[in-house]
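Below: the structure, in structure tokens.
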Amino acid sequence: MTLWSQFFIPTLKESPADAEIASHKLLVRAGLVRKLSGGLYTYLPLGLRVMQKLTEICRQEINAGGGIELWMPHVHPVENWEQGPRWAAAREIMFRADSAGDGQRAPREPQFVLGPTHEEIITPLVKTEITSYRDLPKNFYQIATKFRNEIRPRYGLMRAREFVMMDAYSFDTNDEGAVKSYFAMKTAYERFFRRIGTLAIAVEADTGVMGGSYSHEFMVPAEVGDDDIIYCEESGYAANREKATSRLVPDGLADAAPAGEITEFATPGVVTIAALEAAPYGVPADQQFKTLVYIGDGKPFLVILRGCDELEEAKLGQLGFGLFRPATAEEIVAVMGAKPGSLGAVRGTLANPGALAGVFADAAIRLIGNGTTGANKDGFHVRNVNVARDLAISRFGDFRRVRAGEPCPRSGQPLKSRRGIEVGHIFKLGTKYSEKFGAVYTDDQKQSHPMVMGCYGIGISRTLQAVIEQSHDADGIVWPWSVAPFQVLICVFDPQLAEASDLAKRLAAAAERAGADVLIDDRTERPGVKFKDADLIGIPLRVTIGGKGLKEGIVEVKARRAKDVSKVPLADAETHLASTIAALAAGT
RNA sequence: CGGGGUGUAGCUUAGCCUGGUAGAGCGCCUGGUUUGGGACCAGGAGGUCGUAGGUUCGAAUCCUAUCGCCCCGACCA
């Protein structure tokens, strides 16, 4: 049992000025963390206890899912990253660490970086240690600090520069095994989030800079989340908006027949979709072809969308470019011969088709059939443009951003959308890293093959905050039993009375025998202060020992979640406490 | 990195527009009265007003630069 007066729980009456969202305010007010600098936090004793509980539950479930725990360095030789497949993209977020004394010399490439994740470390390790199919599959993990120089740290622990993550890496002999490892981890994640009493739903996700073939994100639904989840209750479909699709284009849609000859018409000063919709032109946005210019690995390419649709930039990842970005106005003029607003992809109007790395069309433009687009000549557009006949399309794909209300790809019912916090992610990586690092094994036919990998992450510190975001009220945090820093709080109003403090110790011992972590509020504070602090730090079960109750021969027992207080006769207090603890522990 | 905001005591802040030498609440220390939902009284400590320049007789206040922090965008667990 821990005595509050001997512990350290610096609670605040007022919210810190730099906190915006409820969970961030409560993290600070309840004395869980303190900020050192943007995205850098000290975990105070109470916050650390929650981290330790989350870590232990995570460890148990990953172990149960086949994970083998190890510990890797946080300082990485830069060579590992240079050798890996994503140095160009990843270096932006990495902290550099130079050798001692190098600060005085001329700037140059760093010799070390602080690890943002560990594919580049684990894969070379496995390469040297595992060479036979007999030693596979393996799934290694650690629960450790990660460093990412986030451009914009946000919302306390939600997006921090230094944070705690469980990261796991699976190695299999073939695709089938990798899928098995993947789903074993998915199951472990589901068990983890259930055990910590937090709703996190698995959604289909974009693979981003990690690469790989497919992935799921675990999302805690919350208004303050950074991600949009597109979902359908009917079919159970759920995806990150970056990845989500809809059945907007019916299967087997026939190409529209040409409606007439292409006709150029003057549109002086018209450079937006909206301007072309307006009088005197009156072309609805869903009848316009929008042409965007991007630069992929140095070469320009075009993306064609309906005028009413928006590009979902993450979906360009499927095109296979290492790096891509929107073209600048100057680059657009150079390649297209016209300024943005008058662009199109009609054959014959393209100034320099050979310079393009491709013309990628969103499938939804087939719904237009015949429409209007820019003439690649400032101040002119063309109408009667037929998708099949006239556009220089090299490939169709899904590039548009899905909106709520569109038909679900599975059920056809309207899709819904909500915000979520990404607390976990699982990737099926394939052989991207194993090939790069030469992590190969020999099979029973003496043949050599690259290992098939998966990688998996749970943001432990972010989860800590997501739990609070999901479980709080106007008075403070409402901890789920399994992750509460303490599970029972014994509030003693007159700690100087031997009768009261002896009773507190006796009940605390009983609660501990029942398996609970106990905090005794033995401070010489007024009752109001103690009640407010109790609600703020959110301990699931509160036992109050006060003069009023002692006269009646009772103690008061109240669950943080509940409104009502039960008065328990002293004689029954220990058994009542034990059974209540058992019920709460089973409930989570 | 682009856009917007902000920096005054440990915390929350007033004062800034219209320059005249910094005020409150909480917290802290001392004493007293209180004691079931953030008590009250009396006394006290604590601030180079983010930093550096400039304007001025005089700068928290006006100007310039710079740094930190917060919010919106691109990125992520």
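What you see below is based on every heavy atom in this structure, not just the backbone, and it leaves out hydrogens, waters and symmetry mates. Proteins get letters first, then strands, A, B, ... in listed order; numbering begins at 1 in each.
The residues A:E20 and A:K25 are annotated as not salt-bridged, no charged nitrogen and carboxylate oxygen being separated by less than 4.0 angstrom. One finds no salt bridge joining A:E312 and A:R400 here, because no Lys/Arg side-chain nitrogen approaches an Asp/Glu carboxylate oxygen to under 4.0 Å. Between A:R241 and A:D227 there is no salt bridge, since no side-chain N of the basic residue sits under 4.0 Å from a carboxylate O of the acidic one. A:D226 and A:R159 are joined by a salt bridge, as a carboxylate oxygen and a charged side-chain nitrogen come within less than 4.0 angstrom of each other. A salt bridge is defined here as a Lys NZ or Arg NE, NH1 or NH2 lying under 4.0 Å from an Asp or Glu carboxylate O, and A:E552 with A:K548 fails to meet this definition. Ion pair A:E119/A:R86 flagged as a salt bridge, since at least one NZ, NE, NH1 or NH2 atom sits closer than 4.0 Å to an Asp/Glu carboxylate oxygen.
Place A:I151 and A:D535 on RNA chain B by their nearest nucleotides, and A:D535 ends up nearer the 5' end. Between A:E556 and A:V423, the residue anchored closer to the 5' end of RNA chain B is A:E556, taking for each the nucleotide with the nearest heavy atom.
Atom CZ of A:F147 is separated from atom C1' of B:rA77 by 15 Å (rounded to the nearest Å). For A:E525 and B:rC26, the CD to P distance is 15 Å, given to the nearest whole Å. Rounded to whole Å, the distance from CZ on A:R159 to P on B:rA77 is 11 Å. In this structure, the CG atom of A:L12 is 10 Å from the C1' atom of B:rG27, given to the nearest Å. Residue A:E242 contributes atom CD, which lies 11 Å from atom P of B:rA77 at whole-angstrom precision. Nucleotide B:rA74 holds its C1' atom 14 Å from the CG atom of A:L316, rounded to whole Å. Atom CZ of A:R29 and atom P of B:rG38 are 14 Å apart (whole Å). Between A:F95 atom CZ and B:rC76 atom P the separation is 16 Å, expressed in whole Å.
Between A:Y182 and A:Y456, the angle of the ring planes lies from 30° to 60°, which puts this pair in the tilted group.
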Polar-atom pairs under 3.5 Å, protein N or O versus N or O of nucleotides 68-72 of chain B: list them with distances, or write none.
unit_1	atom_1	unit_2	atom_2	d
B:rC69	OP1	A:S37	OG	3.0
B:rC69	OP1	A:G38	N	3.0
B:rC69	O3'	A:K35	NZ	2.9
B:rC72	OP1	A:R154	NH1	2.8
B:rC72	OP1	A:Y155	OH	2.9
B:rC72	OP2	A:R152	NH1	3.1
B:rC72	OP2	A:R152	NH2	2.7
B:rC72	OP2	A:R154	NH1	2.4

Sub-3.5 Å pairs of nitrogen or oxygen atoms, protein against nucleotides 29-32 of chain B:
none

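Two rings, from A:F112 and A:F95, have their centers 6.0 Å or more apart.
Checking each of A:Q60, A:K53, A:Q52 against A:E56 for a side-chain hydrogen bond (donor to acceptor under 3.5 Å, both in side chains) leaves exactly one that passes, namely A:Q60. Each of A:V568, A:V565, A:D564, A:V488 was scored for a side chain to side chain contact (heavy atoms under 4.5 Å, CB included) with A:V557, with one residue passing: A:V568.
Between A:K13 and B:rG27 there is a side-chain N or O to OP1 or OP2 distance below 4.0 Å.
Residue A:M166 is classed as having no contact, given no heavy-atom separation below 4.0 Å to the nucleic acid. At the heavy-atom level, A:D167 lies nowhere under 4.0 Å from the strands shown. Residue A:P16 is in sugar-phosphate contact alone, with no base atom involved, counting any heavy-atom pair closer than 4.0 Å across all strands shown. Counting non-hydrogen atoms under 4.0 angstrom, A:R542 reaches a base of the nucleic acid.
For A:H425, whose side chain is taken as the heavy atoms from C-beta onward, the closest listed nucleotide among B:rC75, B:rA77, B:rA39 is B:rA77. Nearest nucleotide to the A:V529 side chain, out of B:rC11, B:rG38, B:rA77: B:rG38.
Checked by distance alone, A:R526 brings no side-chain donor or acceptor within 3.5 Å of a matching partner on the base of B:rC40. Donor-acceptor pairing under 3.5 Å, judged by distance alone, is absent between the side chain of A:D227 and the base of B:rC75.
Look at A:F493 and the base of B:rG36; the rings do not stack under the cut-offs of 5.5 Å between centres and 30° between planes.
Partner assigned to B:rG7 is B:rC67, using Watson-Crick or G-U wobble distances below 3.5 angstrom.
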